[in-house]
Every structure is written in structure tokens, then in C-alpha cells.
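Here's the structure we're looking at; comments come further down.
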Number of protein chains: 2
Amino acid sequence: MSANSRLTIAAHALAWIGLYQRQGHEVATSEQIATSANTNPVVIRRLLGELRRAGLVESRRGVGAGWSLARELESMTLFDVYEAVEPGPLFAMHRTTPDQGCVVGHGIQPAMQNIYEGIEETVRHELARVTLAHVLRDVLATPR
Amino acid sequence: MSANSRLTIAAHALAWIGLYQRQGHEVATSEQIATSANTNPVVIRRLLGELRRAGLVESRRGVGAGWSLARELESMTLFDVYEAVEPGPLFAMHRTTPDQGCVVGHGIQPAMQNIYEGIEETVRHELARVTLAHVLRDVLATPR
DNA sequence: GACGGTCGCAACGTTAATTGTTACGACAGC
DNA sequence: GCTGTCGTAACAATTAACGTTGCGACCGTC
């Protein structure tokens, strides 16, 4: 099991902000989102900070501070979010360099790298097909 | 970064055994493979044990013990290996349950689950297109 | 111009998963 | 029996992600 809930939490935060704004509010605070996601506000701020660097959200400071969307949910895809918050590849290489004196040890990493890159490319394409508006629609369509 | 080198190491081991057998040897020991992969023999035995449960390799005990392929490399795909050694999903949900009283907290997991399942299915298809014979060929084609 | 609420960020503690290591019994051929 | 290797359990080490605390920066309001 890998363990990256970063994409999940980021999508959660964006959907939350999007819904909150549709209800007429200007900005959402990290604490509100943290309560919904059942985690710590700092975790949310860290993630949203990466999304801001990617141009997906904006933040205001001072009184009445908080977060708002920088673009419509319709124009944001899970691919955008993935690129913003996922630091590394889906599949990892050996954690120590294999024996370069062995034919297999020498050639295995380039070989697997090639294969993995193709797969990641496919995953990115799949993620790009899903907008955050789709996500929010599915969220709201979930029966109680 | 996730961190699962399990698929990589398992492919390494299978390619190594396959090449070794093509050179006329009967069985490969976990220590030989561990040397090539620069890790501990027990790690290799654990992984190969899972591959044996999946019917990809066989092991012999006693003197002259070791591992051999149960099928041709041509009939083994990375999908078979993936199923055998990867315990969990590619993308994880929240580690704590989100607030079920919130609309987003309630609906986010089913929504993301759906999306993730589709993507994993695609990944499995991609993995199924690559045989271990392909991997070994690419390994041997790597320039020194 | 002080106040209060929220972000920004750094530092550190906590947790969970994987990997590495050691140990020892089981097995099978010599 | 002796030897070499697997099978497996137990535990240590490592790593990455996550959680927490603290405090300064910012800014509308009073």
C-alpha cells in the first residue's frame, strides 16, 4: 500500500471551498475545512499553499481571511491537483543501487523506468478527464 | 512519493532467475539474487514466497535448493507480479474518517473511490501488456 | 493605533509502513 | 550426521507522511 492521501484531501478541500462559495460565502478558513476533513488546520494550509502555487486557489490575510477558488471548478482537473501536491512517482526503484557489475542489476532500472513512465502518463491522462466539478457533483449525489 | 519498490524488486528477481536459467542453471538462490539487487536474502525470500503463492515460481529445499520459474517469462506479465506483491491501492483515502455530518465529508470517499478504481483498472491493463520477457529483453538491451 | 482572527512557516513529535537483520527450525541430498 | 538453503517469526532501523505547537505577519474593524 502506498499511502498518499494528499490527492484525496486536496480534492476534499477544493470541493468544500467550491460548495461554500456556491452558498454565497466569500472565503473559507482552513479550520472549517480541517473540521470537515477531520484533520489539523495546518495540514490543510500546507496543501492549499501548494495549490496556490499552482494557481488553483487564492488566500487572503488579515481579518476575514481565508481561501477562495482562483478558477471555476469546471476548469480544474484532478491532474492539476495531482501535479501540485504529489511529489514523486507512483512506483519506486530499489532504495539502494543494484549491483552494477551484474547484467540485470545494471539494466533493470532503465528498463523499469521506461515502463513506469508510460504508465504514469496514462494515469495523468485519466486524471485530466475528471474535473473538480465532476467530483463535487458526485459528492452531492451520494445518498445519505 | 509513495515508496513501493516491491514490484521493481520482484521484476528484478524474476529477470535474474530467467537469465540464470537460460544460461543452463537449474535453480537460483535467494543470496545470489539479493547480491544483484543489493538487499537482504530474506527480503528476496519473502517476495518470492508471494510469487510462489501466485504460481509464478517454485522453490526446492535441502542441498542444491533454490528458486526456479514455474512458467515461461513470456507468459508472465507485470500485472501478475503486481497482483502478487502489491497489497493496497495506488491512492489512499483519508486516514481518519471525515466528518459525516458535513455533505462533503460524507460524499467525498465514495466519489473518489469510484474515480480511483477506474484508474487502477487502467493501470492493471497497462501492466498486463508487459511480459517479463519484455523486461528481460530491455534489461539486456541497456548499453553498458 | 490597538485588537482579533487567520494565514505563513518553521520546528518538533507521532505514527505507520516498509525494509533490513538476526535467529533458528525444517528439509533434502551427500 | 553434515551441509547448505529455504520458511518463518521476531525485532530493529529507516523513512515518509501526518499531526501539533508556537509565533510572527498581515489587515479589516473598532
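In the text below, chain A, chain B and the rest are named by the order of the sequence lines, each starting its count at 1. Heavy-atom basis, side chains included; hydrogens, waters and symmetry copies ignored.
Side chain of A/A65, nearest nucleotide from C/dT19, C/dT22, C/dC7: C/dC7.
With rounding to whole Å, A/W67 atom CH2 is found 8 Å from C/dG8 atom C1'. Put simply, CD1 on A/I44 is 15 Å from C1' on C/dG8, counting in whole angstrom units. Residue A/R46 contributes atom CZ, which lies 13 Å from atom P of C/dG8 at whole-angstrom precision. B/R45 has its CZ atom 11 Å from the C1' atom of C/dC24, to the nearest Å. Atom CD1 of A/I33 is separated from atom C1' of C/dT6 by 12 Å (rounded to the nearest Å). Between the CD atom of A/E31 and the C1' atom of D/dG19 there is a distance of 15 Å, rounded to whole Å.
Nearer the 5' end of DNA chain C, as judged by each residue's closest nucleotide, is the contact made by A/V63, out of A/V42 and A/V63.
Between A/R124 and A/E120 there is a salt bridge, since at least one side-chain N of the basic residue sits less than 4.0 Å from a carboxylate O of the acidic one.
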Steps toward side-chain hydrogen bond (donor to acceptor under 3.5 Å, both in side chains) verdict (A/T39, B/H94): CA-CA 9 Å; A/T39 181; B/H94 311 61; over 6 Å; no
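Checking the phosphate oxygens (OP1, OP2) of D/dC18, a side-chain nitrogen or oxygen of A/R6 falls inside 4.0 Å.
Ring planes of A/F91 and B/Y82: perpendicular class, angle over 60° (limits at 30 and 60°).
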